[in-house]
Asker: 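Just dropping this structure here.
Please read these numbers as outputs of a predicted model, since none were measured by experiment.
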Number of protein chains: 2
Amino acid sequence: MLKKERQAFIIKEINLHNKVLSSDLSMALDVSEDTIRRDLNELALEGRVVKVHGGALSKSYQMAAVQADTYAYEKKEIIAMKTLKLFKDGMVILTSGGTTMREIAKRLPESLQVTFFTISPLIALELAEHPKADVILLGGQLSNASKVTIGAEVVQKISEIKADICILGINGMDLDGITDSDYEIVQVKKAMIKASKQMIIPTISEKLNTALRYKVTPTADIDCLITELSPLHDTIQPYLSQVKLVL
Amino acid sequence: MLKKERQAFIIKEINLHNKVLSSDLSMALDVSEDTIRRDLNELALEGRVVKVHGGALSKSYQMAAVQADTYAYEKKEIIAMKTLKLFKDGMVILTSGGTTMREIAKRLPESLQVTFFTISPLIALELAEHPKADVILLGGQLSNASKVTIGAEVVQKISEIKADICILGINGMDLDGITDSDYEIVQVKKAMIKASKQMIIPTISEKLNTALRYKVTPTADIDCLITELSPLHDTIQPYLSQVKLVL
DNA sequence: CTTAAAAATGCAGGTATTTGCCTGTTTTAA
DNA sequence: TTAAAACAGGCAAATACCTGCATTTTTAAG
């Protein structure tokens, strides 16, 4: 077997599996691991693969990892635009925290006249930039990790509100229901759902079909599910029958 | 599974759920928790995640550290250091907003164990970075201009607190008293003073000898006045007889 | 076809990295 | 205050790596 042939095989293998192990290739091609290593080093030098300890990864794999900070930015933008269409003048909107909600807050149209209740200081500050929006920050103990207010006082305050819609950021959701990993936050979210006529869930599709420790609410209670995907997309199909409206 | 692969998985998981637990990852990836810890430490070192006890958090969830260069930064730093000397373990501290207060919050010693009540979401978020500080955000309508919560609800909540000290950011002050230009905020500040055993005023000297529309409280009620100047400085002299303690 | 130069390969050894386990300590939560 | 969980640092086994060198293969010119 020629060297070029061998390297072509390696590239093919990487394109297929996004990674290769030196040991596997050594077996498959029946050459010493040293030879494989030399091949991988050459390919890495040409920039065709990314060499790592034990084997190599595809270039695209590495790229995805690098631009992780702009993770899902475009998706969240799409979701934000879809969500904003549901806002009408005079509405009372109850919202949790999360980066998706923040994207929504940033894009709030100037002309819109709505009242926001929120448990997130960050979202509150973002909304405060808006000239016509009324922003009420729900006070309470500030959670160190998630940077939203939690505790009995918040739950109590929320119970006194009658909101038109509540925008709930989520961390996990499957056909069974919405789940979260923080017990305190679950309590607050439950109160938010109870206080609102409609529940809207904006989320990137990746969070679908994942479950966390604590249940927030069954999927059937969702009034509107908003993802970056078309409602016709395969991933969304199972949810169509459960959720009233999917955007 | 290659190390890079594993770390990419962790990053993806964090972007998805905003946080991960070492134990969960250990299960999911079928490696020891030690290995996960090492991965998280590496990723934290690269600044890709924020390591916490038990797992890691998403970086974006941390404060957007877009440091707007605060006016009179050095002066406020001096004031902050002086003010921090008054903080003792176990104290309940009531604070308003303002950039000076923010500098204080940033410099809070790691070891200090105190409870903060604040009307400023910004201060609250800053304090939330502190591992031992308990932060309670006083909820209410968010003032568009000053970015603190105001209104009857806030005043009511403050009246229920018994604080050891209150740190009051000010806008104007002369020998006659502390003044402010926003009526709503004056109401809140009055409530804060009433709810606290001691009133501490940290301010840059520029604000001394200026007066605004509404009176908050007479100068004689101040327990401690803190400026960037020495108490021996000419500007401070007239206040020495009125204020209990000047730093 | 022969043969010398160049390239590629395998091997030996010594080094470096990764990982799991163990210890004792710190942190957290009840 | 205490018990459980998480942590840090060190150790050791396994694996991967690199360097230099001898051997084989390929190449190409005579």
Asker: Check if the side chain of Arg38(A) and the base of dG10(C) share a donor-acceptor pair of N or O atoms closer than 3.5 Å.
Answerer: yes

Asker: Whole Å only: how far is the CG atom of Asp34(A) from the P atom of dA16(D)?
Answerer: 12 Å

Asker: Does Arg6(A) put a side-chain nitrogen or oxygen below 4.0 Å from OP1 or OP2 of dT9(C)?
Answerer: yes

Asker: Does dT19(C) have OP1 or OP2 sitting under 4.0 Å from an N or O in the side chain of Ser32(B)?
Answerer: no

Asker: For Val31(A), does its backbone N or O pair with a side-chain atom of Ser26(A) as donor and acceptor, under 3.5 Å?
Answerer: yes

Asker: In whole angstrom, give the distance that lies between atom CD of Gln113(B) and atom P of dT28(C).
Answerer: 11 Å

Asker: Looking at every strand, decide which applies to Asn41(A) at a 4.0 Å heavy-atom threshold: base, sugar-phosphate, or nothing.
Answerer: sugar-phosphate

Asker: Would you mind reading off the distance between Arg37(B) atom CZ and dC7(D) atom C1', rounded to a whole angstrom?
Answerer: 5 Å

Asker: Using residues 195-204 of chain A as the side-chain source, report each donor-acceptor pair under 3.5 Å to any protein atom, sequence neighbours left out, with the distance given to one decimal.
Answerer:
residue   : atom : partner   : partner atom : Å
Ser196(A) : OG   : Met192(A) : O            : 2.8
Lys197(A) : NZ   : Asp164(A) : OD1          : 2.9

Asker: Using OP1 and OP2 only, check whether a side-chain N or O of Lys51(A) sits under 4.0 Å from dC17(D).
Answerer: yes

Asker: Whether Glu206(A) and Lys75(A) form a salt bridge (side-chain N of Lys/Arg under 4.0 Å from carboxylate O of Asp/Glu) is what I want to check.
Answerer: yes

Asker: Going by atom types alone, do Ser205(A) and Glu228(A) pair a side-chain donor with an acceptor below 3.5 Å?
Answerer: yes

Asker: Between Glu42(B) and Lys51(B), is there a side-chain N and carboxylate O pair less than 4.0 Å apart?
Answerer: no

Asker: CG of Asp89(B): more than 12 outside heavy atoms within 6.0 angstrom?
Answerer: yes

Asker: For Asp30(A) and dT9(C), what is the distance between atoms CG and P respectively, to the nearest whole Å?
Answerer: 13 Å

Asker: Nearest whole Å is fine: how far is dA16(D) P from Leu21(A) CG?
Answerer: 8 Å

Asker: Does any N or O in the side chain of Ser96(A) come within less than 3.5 Å of the main-chain N or O of Gly169(A), such that one atom is a donor and the other an acceptor?
Answerer: yes

Asker: Once you round it to whole Å, what is the distance between P of dC7(D) and CG of Leu40(B)?
Answerer: 8 Å

Asker: Looking across every strand, which nucleic acid part, if any, lies under 4.0 Å from Lys4(A) by heavy atom: base, sugar-phosphate, or nothing?
Answerer: nothing

Asker: Could you check how far CD of Glu33(A) sits from C1' of dA12(C), rounded to whole Å?
Answerer: 15 Å

Asker: Check DNA chain C for consecutive Watson-Crick or G-U pairs with both distances under 3.5 Å and list the runs of at least three as stems.
Answerer: C:1-30 with D:1-30

Asker: In whole angstrom, what separates His53(A)'s NE2 from dT19(C)'s C1'?
Answerer: 10 Å

